[in-house]
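Working notes for the structure below.
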Amino acid sequence: MSDRAPSSSHDVPDKPALEGLEQKWAERWERDGTYRFDRTRARGAVYAIDTPPPTVSGSLHVGHVFSYTHTDCIARFQRMRGREVFYPMGWDDNGLPTERRVQNYYGVRCDPHLPYDPAFVLPDAASPAKTRGEKAARQPVSVSRPNFIELCSRLTAEDEKAFEQLWRQLGLSVDWSMTYATIGQRAQRVSQLSFLRLLQRGVVYQVEAPTLWDVDFRTAVAQAELEDREVPGAYHRVRFARAGGQEFVEIDTTRPELIPACVALVAHPDDERFRPLFGTEVVTPLFGARVPIRPHALADPEKGTGIAMICTFGDVTDVTWWRELSLPVRAVILPNGTFRPVAWGSPGWESADPARAQRHYADLEHLSAQKARARIVEQLRESGDLMGEPRPVTHAVKFYEKGDRPLEIVTSRQWFLRTLEYREALVERGRQLRWHPSYMQARFENWVNGLNGDWCISRQRFFGVPFPVWYPVREDGAIDYSRPIVPPVERLPVDPSTDVPDGYRADQRDQPGGFAGDPDVMDTWATSSLTPQVAGAEGVDDDLFRRVFPMDLRPQAHDIIRTWLFYTVLRAHVEHDSLPWSNAAISGWVLDPDRKKMSKSKGNVVTPMALLVEHGSDAVRYWAASGRPGTDTAFDTGQMRVGRRLAIKLLNASKFVLTRCEPTGPVTAPVDRGLLTALAQLVSEATADLCDYNYARALERTEAFFWDFCDNYLELVKSRRYGDHGPDGAASANAAMLATLHVLLRLFAPFLPFVTEESWSWWRDGSVHRAPWPTTTEVLEPLGGADEHGRRALAFATDLLGTVRRTKSEAQKPLRTPVARLVVHVDAAGRGLLDAVQADVAAAGFVQRIDAVEADAFSAEVTLGELPPAGQPAQ
RNA sequence: AGGCGCGUAGCUCAGUGGUUAGAGCGCCUGCUUGACACGCAGGAGGUCGGUGGUUCGACUCCACUCGCGCCUACCA
């Protein structure tokens, strides 16, 4: 690109305006490939960003605009600094949110047992249900898993278009030829490849064990997806008869419905009250099962009666007790959350009175936990085993974050990825990572140290990456999970529910002697934790991958440090023995004016597109970029208005600088040299801020400089630059103004990409976004170095002009009011400064005469009015 | 209960071991100055959450404390 020298014939519009700039430049950037990634560049020259793939089944909200703007500011800065920026966009279309949206949108339900129907058409000519009534009235249509997945893909493709349009309007400098989807073929291949590698190394394993389970979604969930919710409950004091029959042990429980699942009582080993009972047995009320009383350090003497009932399984502590005390299993809750049928008296369900146990249990069968609880309380009351009345409490209960009912613990076969054994190594990885802001590292460490199990990566869902595994079916029809059949890597990705393993025929599916596909899909995070590998196309385009991995930046919000960030670090650690990126920039949330997190559920979301249209993209970006890293920021249209004014001001100031900017020449005037000296410092500080990911501070500094430049410097030199004081003074002023504009447009470019590009286009070739980032050398070289005298001169002139303006303002006179006389009290040094600036001050302040008076302290007196005719004293 | 963060002008937020603590918005008062009324100039407004301590000097460092937010833990 040729750096066209500024000339007096610029294409400056008469009335510069913001309207239409977004479309104009978005199209132009696309046409010119301004943000195209040059994949011939070596790793060292590349700056790679692990862009968060937004969930396409949700809608974009202001929070997205906020945080993606931050990343874009960094991307644009790095690009201008000469790094080749790898800035792809991903779409997160994997997982439950998409499933739910597809179910509702098309009125279908996935039935994995149905065969694929290649000729499938939607019942209502593919029209989504229009109204709520229509939706409710229509029975969901059952479709096969492949058909269901096709519908998911169809809907997400539409969503992605809308997202891309918004991002372009916002001005994200993404290379739109490099997008990926978390359910796309590449993501599936990368995920399955990684899975098979880890399976071979034993880092992933399969086990049948008690697992956190959501009874509505009927799937396992991981620790990271839990959240506690305060819900009302009640303590029920229940008595267990000791073996003799006359003495009782009382326990407190909030889940009396699990008494049939009780396998032991437990108390603290040092608790004197219960020590004599350890090793003895009690009988469960209603069901007459004999259970031991055992000691365990986790039992809290302060809670309840100090002795607790262990059930299989009421909570995660039950699992610990059950495991560590080697207790038997008496599971009562089915995957759908209801009580399963049980034959009392059969092995494992022994009872002192099987008929009575059966009678009581029959009432509970097929009930949900909540209903069973009410029923059993009645039974306990009748039997006299309920001591007093239930005492209501509010307590924290674990929920799946997307779920509506408390989690249960259900025994099932699941895939796990080893996590616990890497805990210390992961803490160390967290310390190697550069966090912005730095304190976010504590959250990571906090989470890693609190891990209490391996990562359950299998989900009993449909729309996700399937496990690339089949199992032999034995001659007796049982599935042999111990000998999984895996495909060769060339076949990946595979869907074992439709694909057939090598050496088998399709008709052997689920047949004795045949094979069965693994029915589960991976946790969405199991794919999302590979975004660097997916975006970099590991195993698909390894040349690209080597140029971008490990990446430079992971931008994301703080609420998913424990999931996305943590899992990504884990995967890179186990597979690449490295960090996935060197920096993590953590953005805050957007809060509504009531300081609550903005979210769809609260109904306080503003549509981003409407915002961009109303205020202009640069204005919205200005607001976003003002939010400091990691800090929650209030949604504030006032800030957007400020941003809009800034953008307009930039256009107008550019117009002023570029109109009649001849002649130019050496920068000789002290005020002009002072401006450039201050500008050099701004460049230095803003650059350091941006290098440190402190975009907000860089913007703040640049903005403050710019307003000062407009309000003081430009006013001071206006007259001179038009030639009122001769050609040399004009040349100096014009050269300084042009140099400053040239720098300011580039300093603002990462934040306000549209107006800066517009102004740049009036007098420069190429895109400002590919122009080199300004340097202090570039600014100071024509001066022969920093000019501190000039700097003081500019400050002094600004000060004097301020005094003159204040006097007029206080006198409520127009600023054009002439000043008959300005008396300036200065010391010797001040005298030198005054000489340097007085012509500019006089012109800008309409001062007719300036007199210097020698004094120790500076002061100035302003006399308004016309200078009296010659010959008369001024006073 | 532990961890992290925050508490500065009516609002949104900067700030730093050192002279009278800053910006923008809002408010008030003026002003159509040869880029801009989507503008310009000016003004009022704060004992920097509280208490102690270190220091010649604290909004800044330390301790304690209060309030708010988030993360983690808390189901007997």
Side-chain angles (χ1 to χ4, degrees), chain A residues 12 14-18 228 230-231 233 235-238 251-255 258 265-267 298-300 302-311 314-318 393 395-398 406-407 437 439-447 449-450 452 558-559 561-562 588-589 591 593 595-597 616 619 623 626-628 630-639 641-642 644-660 696-697 700-701 703-704 707 710-711 714-715 718-719 722 801-802 804-817 844-846:
Chain A
V12 183
D14 284 343
K15 280 271 174 197
L18 299 180
D228 284 359
E230 290 286 329
V231 297
Y235 278 130
H236 305 75
R237 183 153 298 183
V238 178
I251 60 108
D252 271 336
T253 179
T254 55
R255 300 203 60 181
L258 292 180
L265 299 190
V266 66
L298 271 183
D300 182 354
E302 304 293 314
K303 277 190 185 168
T305 60
I307 185 165
M309 131 178 127
I310 303 176
C311 306
D315 63 33
V316 288
T317 318
D318 278 344
V393 290
H395 60 163
V397 177
K398 289 197 192 310
L407 283 172
Y439 60 75
M440 287 295 177
Q441 192 221 327
R443 297 206 181 189
F444 176 84
E445 212 161 309
N446 213 337
W447 172 254
N449 285 326
N452 57 28
H558 53 62
D559 55 334
I561 288 175
R562 71 178 188 173
W589 279 332
L591 307 178
R595 309 256 79 195
K596 294 284 193 308
K597 185 192 173 189
W623 159 76
S626 304
R628 308 192 102 72
T631 308
D632 293 346
T633 299
F635 177 74
D636 187 355
T637 54
Q639 276 297 100
R641 281 195 290 274
V642 172
R644 185 180 175 82
R645 257 174 268 186
L646 172 64
I648 291 167
K649 188 80 172 177
L650 202 49
L651 290 178
N652 282 313
S654 297
K655 178 186 161 193
F656 173 73
V657 169
L658 296 173
T659 306
R660 291 172 60 190
R697 193 153 177 192
E700 190 182 44
R701 287 186 200 280
E703 186 192 8
W707 284 107
C710 291
D711 294 341
L714 289 183
E715 292 300 328
K718 190 178 274 182
S719 160
Y722 283 135
L801 181 59
V804 170
R805 285 166 167 170
R806 190 178 312 110
T807 307
K808 293 175 181 177
S809 229
E810 281 166 0
Q812 304 203 334
K813 298 281 198 218
L815 288 178
R816 280 195 321 187
T817 306
F846 302 91

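Chain naming here is simple, since letters A, B, ... match the order of the sequence lines and numbering starts at 1 in each.
Using a 4.0 Å heavy-atom cutoff across all strands shown, A:Leu298 reaches at least one base atom of the nucleic acid. Across all strands, A:Glu715 comes closer than 4.0 Å to base atoms (heavy-atom distances). Looking at heavy-atom distances under 4.0 Å, A:Trp623 makes no contact with the nucleic acid at all. A:Lys655 comes within contact range of the sugar-phosphate backbone alone, with a heavy-atom separation under 4.0 Å but no base atom that close. Within 4.0 Å (heavy atoms only), A:Ala299 reaches at least one base atom of the nucleic acid. Across all strands, A:Arg697 comes closer than 4.0 Å only to sugar-phosphate atoms, never to a base (heavy-atom distances). Residue A:Asn449 is classed as having no contact, given no heavy-atom separation below 4.0 Å to the nucleic acid. Among the heavy atoms of the strands lying under 4.0 Å from A:Asp228 is at least one base atom, whether or not backbone atoms are also near.
Residue A:Arg562 places at least one side-chain N or O closer than 4.0 Å to OP1 or OP2 of B:U72. Contact annotation: A:Tyr722 side-chain N/O to B:U33 OP1/OP2 distance is not under 4.0 Å. Distances shorter than 4.0 Å separate some side-chain N or O of A:Lys718 from OP1 or OP2 on B:A35. The side chain of A:Lys649 contributes an N or O atom lying less than 4.0 Å from OP1 or OP2 of B:C40. For the pair A:Lys813 and B:G42, the criterion of a side-chain N or O lying under 4.0 Å from OP1 or OP2 is not met. The phosphate of B:C75 has neither OP1 nor OP2 within less than 4.0 Å of any side-chain N or O from A:Arg255.
In this structure, the nucleotide among B:A41, B:C25, B:C71 sitting nearest to the side chain of A:Val642 is B:C25. Distances were taken from every side-chain heavy atom of A:Asp711 (C-beta onward) to each of B:G43, B:G3, B:C40; the shortest belongs to B:C40. Taking the side chain of A:Leu815 as heavy atoms from C-beta on, and the options B:U33, B:G43, B:C70, the nearest nucleotide is B:U33.
Rounded to the nearest Å, the gap between the P atom of B:G10 and that of B:G49 is 13 Å. Of the C1' atoms belonging to B:G69 and B:C62, the separation is 25 Å, rounded to the nearest Å.
Listed by first residue number, the stems of RNA chain B with at least three Watson-Crick or G-U pairs below 3.5 Å are B:1-7 with B:66-72, B:10-13 with B:22-25, B:27-31 with B:39-43, B:49-53 with B:61-65.
Between the side chain of A:Asp632 and the base of B:C70, no donor-acceptor pair of N or O atoms lies under 3.5 Å. With hydrogens and angles ignored, no donor-acceptor pair closer than 3.5 Å exists between the side chain of A:Lys398 and the base of B:C75.
A salt bridge does not link A:Arg697 with A:Glu700: none of the charged nitrogens is closer than 4.0 Å to a carboxylate oxygen.
No donor-acceptor pair closer than 3.5 Å links the side chain of A:Lys808 to the backbone N or O of A:Lys813.
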